[in-house]
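Working notes, beginning with the structure itself.
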2 protein chains.
Amino acid sequence: MKPPNHRTPDTPQGSASPAPGHPVTLKNVAARAGVSVSTASRALNGQARKYRISPTTEKAVRQVAADLGFQASQVARSLRLKRSGLIGVIVPDISNPFFASIAREVSLGVEALGFSVLLGDSREETEIEQRLVDQLRAKQVEALLVCPVGVESDHLVKLDRSGLPVVVADRVFDGIELPSVTSDNRAAARAVAEVLIEQGHRKIGVLSGIRDSLPAKTRLQGLTDAAEQAGFNLDSSSLAGNAFTEQSGYDATLELMDRDPEMTAIFAMCTPAAIGSMRALAERGYAIPRDMSIVAFDDHPFADLMKTPLTVSVQDIPRLGQLATAVLLKRLDVDSSPQALPPPGTSADSPSSASLWKVPTTLLQRSSVAVPRHKGDRAASSRVQQTRSF
Amino acid sequence: MKPPNHRTPDTPQGSASPAPGHPVTLKNVAARAGVSVSTASRALNGQARKYRISPTTEKAVRQVAADLGFQASQVARSLRLKRSGLIGVIVPDISNPFFASIAREVSLGVEALGFSVLLGDSREETEIEQRLVDQLRAKQVEALLVCPVGVESDHLVKLDRSGLPVVVADRVFDGIELPSVTSDNRAAARAVAEVLIEQGHRKIGVLSGIRDSLPAKTRLQGLTDAAEQAGFNLDSSSLAGNAFTEQSGYDATLELMDRDPEMTAIFAMCTPAAIGSMRALAERGYAIPRDMSIVAFDDHPFADLMKTPLTVSVQDIPRLGQLATAVLLKRLDVDSSPQALPPPGTSADSPSSASLWKVPTTLLQRSSVAVPRHKGDRAASSRVQQTRSF
DNA sequence: TTGAAAGCGCTAACAG
DNA sequence: CTGTTAGCGCTTTCAA
């Protein structure tokens, strides 16, 4: 019943498919090539020279291997070599482009070296994170990159001490000895806070991410720095929210507006929170930046096409991921080609531990900031799309 | 030099960390518990009943295992059981939220069953996809979910035939026997095209994704359907672009505007292309929807906060991912608890192969469509935020 | 220049 | 109720 002119597509690669459920093993190859498994192994592992295997034999073995579509079982290999070629990556939410990008960089960075990435999604829960760590450990990952939920680090430290290299990114911890990479959140926060302050804002509401997480604390610190430098203090009641989510931003905004009707600006610790905030403001009939100014962190591809393009501090996510990968590989004693790993503590001013890498961020000024409302000045946002790096 | 009041944090979980580089093995546990490895193995694998192991022994073994922080090596286990507990997921770009969400669903769906996800990012290149497939195969994945680059399926089919279950999602292939899950692109395209047509648009430019990919072909088909039903034909010159990217959308838009100045609407096959298009239009001083209407596929969290909220057909991504996971698990003979796997071919009208699952999409009408420009009517977009499912 | 054999850590007959 | 034994597929001494 096949069409008359049907030509069997004779696999040009010459690699035949093994019989289902009967994977071709090194033994098969050896047998078919008429050599021992040891010789076959050596021939295929580029050890021909080392063991002075005759070129003829080597070729023969390689040929047979190709014909049979042989692929050495990495699990058998792992067992023998005690190297799994697996790297674990655990993030709070892989559908968040921030974490996805980090995972991507790791994947791209290690793939060429024969490693593969085992992915874990902790759903922002420390307990799940914990479980995933165990699961991946059992799978014999050789190293772990984790973007922790951010509140608890004991299990990670212990793991690292037990001999499994762990590096953390983004939600790093205070004064911990785990190698960490993060954005320079303090400088970033200070810079973005300054654009608010320069316009005259003093009553600034803060939409906080997870309170106990270092990024949240550090960003708050940066804001405080800026305020102090401008000669005023932040009202402690101007802080609300406790998650890096849209919902949190929405709720916190409403809460803050009720707490202090004088508030003229919002400092959102992440884009989702800023979005939630904008919804809340819209519901209350506030226009941005006329009635309320707002700044945030991070960007997304269409940010400039929004109704109110946000002024933000954007993290260099790929850099973050690449750096984390480099640190990881260095701990595995694999030399990462991209470029030499820079020394930790790129940013000078803070008491950076011996293993904290900080990557600079970029300030993107758009049009979500104007002078405080009581002046009613509509045309206040002067500098648009001006970029400054620091 | 340590602080005077430093108390050693005595690990309350009671699970000691193994000596670095000297992982605790089943043998250790057995020895310490005074039993043989087999007994230890059985006790720890819940086979106590089956082998009638005395509760005392079982408890003892479990206790020792806990004390030592024992974790069975999955690689040894895999070798013996011939089951790796690994599922491969290959996507064109994990930093794209669409694919990230799919990966997420797979990860969440299989994690509870003890499986882990091995991630591969093909960077939209078939060659890399190919290489990743090999790499993951060597790592003994038990099944593969791939969102293919979309142009070539031979290697996947061959792989599946060779006994490794493969399921493809999104960029499925025509008339192929691999289990596939995708959105009902034809119906989706028809619906979104109809909102254009109902407003009177006839000169519709198409921003195509990868031409050879089935989603692109199918969406074009849906548009053609709608046009035919309305009694006109699409000009073949109104198609441009060949990638699911912003750049492609930008270039294609410029190209189309030059080719046909009469064009009044744009049909973008993905959000990035639509965004690129909007940039191009902005550069040429076109206002949306006054001077040009536009519809697209897929949504993103802030879509409604854009300058011009797009009318789109949105895919049910989590559903897509869950369905794919269910299909995967079924092929592994694991019963996926969530819900029974529905029969394939959800959508009735097309000659669906025995293993194609189609999931319905939702039409989201926002304000990027108005009547064609020559009437100059500014207030034409009537129905906003109206939702229709089909 | 090549083979034989041991063993990575675990499970599953097959005995007791 | 428990132990002995034989591998899973591979790498690597050690011997020829």
Side-chain angles (χ1 to χ4, degrees), chain A residues 18 21-62 64-65 68-86 114 137-140 142, chain B residues 18 21-62 64-65 68-86 114 137-140 142:
Chain A
H22 221 325
V24 16
T25 103
L26 187 59
K27 205 160 112 187
N28 304 155
V29 176
R32 190 96 113 78
V35 299
S36 72
V37 281
S38 1
T39 303
S41 169
R42 300 195 262 244
L44 295 172
N45 285 0
Q47 309 203 285
R49 299 301 301 279
K50 189 170 152 198
Y51 284 90
R52 306 181 178 197
I53 289 181
S54 84
T56 333
T57 337
E58 186 189 351
K59 288 234 175 61
V61 173
R62 293 208 118 94
V64 173
L68 265 41
F70 169 75
Q71 275 227 306
S73 159
Q74 289 303 316
V75 356
R77 214 146 190 282
S78 301
L79 185 57
R80 183 63 231 236
L81 271 355
K82 288 156 169 279
R83 299 198 53 246
S84 66
L86 260 24
R137 176 158 75 100
K139 295 238 151 88
Q140 312 296 115
E142 293 184 42
Chain B
H22 221 327
V24 16
T25 102
L26 188 60
K27 207 160 110 185
N28 303 153
V29 176
R32 191 95 113 77
V35 297
S36 71
V37 283
S38 10
T39 302
S41 168
R42 302 196 261 244
L44 295 172
N45 284 7
Q47 307 200 289
R49 300 299 301 277
K50 188 169 153 198
Y51 283 91
R52 311 212 201 150
I53 288 181
S54 84
T56 332
T57 331
E58 186 189 351
K59 287 236 176 62
V61 174
R62 294 208 118 92
V64 173
L68 266 42
F70 169 75
Q71 276 227 305
S73 158
Q74 290 302 315
V75 356
R77 218 149 186 279
S78 301
L79 185 58
R80 182 65 233 236
L81 272 353
K82 288 158 166 277
R83 299 197 54 243
S84 66
L86 261 25
R137 176 159 74 100
K139 294 238 152 85
Q140 313 296 114
E142 292 183 44

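Small disclaimer: the values here were computed from a predicted structure and weren't measured. No hydrogens, no waters, no symmetry mates; every other heavy atom, side chains included, goes into these values. Numbers restart at 1 for each chain; the letters A, B, ... are given by sequence-line order, proteins then strands.
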For B:Glu58, side chain to side chain donor-acceptor pair (under 3.5 Å) partners two or more places apart: B:Arg62
Pairs flagged by salt bridge (charged side-chain N to carboxylate O under 4.0 Å, His left out) wherever residues 43-55 of chain A is involved - sequence neighbours left out: none
Solution key, residues 38-46 of chain A side-chain donor-acceptor pairs under 3.5 Å, sequence neighbours excluded:
residue, atom, partner, partner atom, Å
A:Ser38, OG, A:Ser36, OG, 3.2
A:Thr39, OG1, A:Ser36, OG, 3.2

DNA chain D contacts made by residues 73-84 of chain A, counting heavy atoms under 4.0 Å: A:Ser73, A:Ala76, A:Arg77, A:Arg80, A:Leu81
Angle between terminal axes - the helix from C:dT1-D:dA16 to C:dG16-D:dC1, 5 pairs each end, rounded to 10°: 50°
Side chain to side chain donor-acceptor pair (under 3.5 Å) contacts touching residues 72-85 of chain A (sequence neighbours left out): A:Arg83-A:Glu142
Residues within residues 41-51 of chain B bordering DNA chain D, heavy-atom distance below 4.0 Å: B:Arg42, B:Tyr51
Sugar-phosphate only, base, or nothing, as touched by A:Ser38 at under 4.0 Å among non-hydrogen atoms: base
Contact summary for A:Val35 and A:Val61, nearest pair of heavy atoms: CG2-CG2, 4.0 Å
Terminal contacting nucleotides, 5' and 3', DNA chain D versus chain A (heavy atom, 4.0 Å): D:dG9 to D:dT13
DNA chain C: 5'-most and 3'-most nucleotides touching chain A, 4.0 angstrom heavy-atom criterion: C:dT1 to C:dG9
Taking only distance into account, with no hydrogens and no angle test, what donor-acceptor pairs under 3.5 Å do side-chain atoms of residues 27-34 of chain B form with protein atoms, sequence neighbours excluded?
residue, atom, partner, partner atom, Å
B:Asn28, OD1, B:Thr25, N, 2.8

Distance-minimising heavy-atom pair for B:Leu26 and B:Val37: CD2-O, 3.8 Å
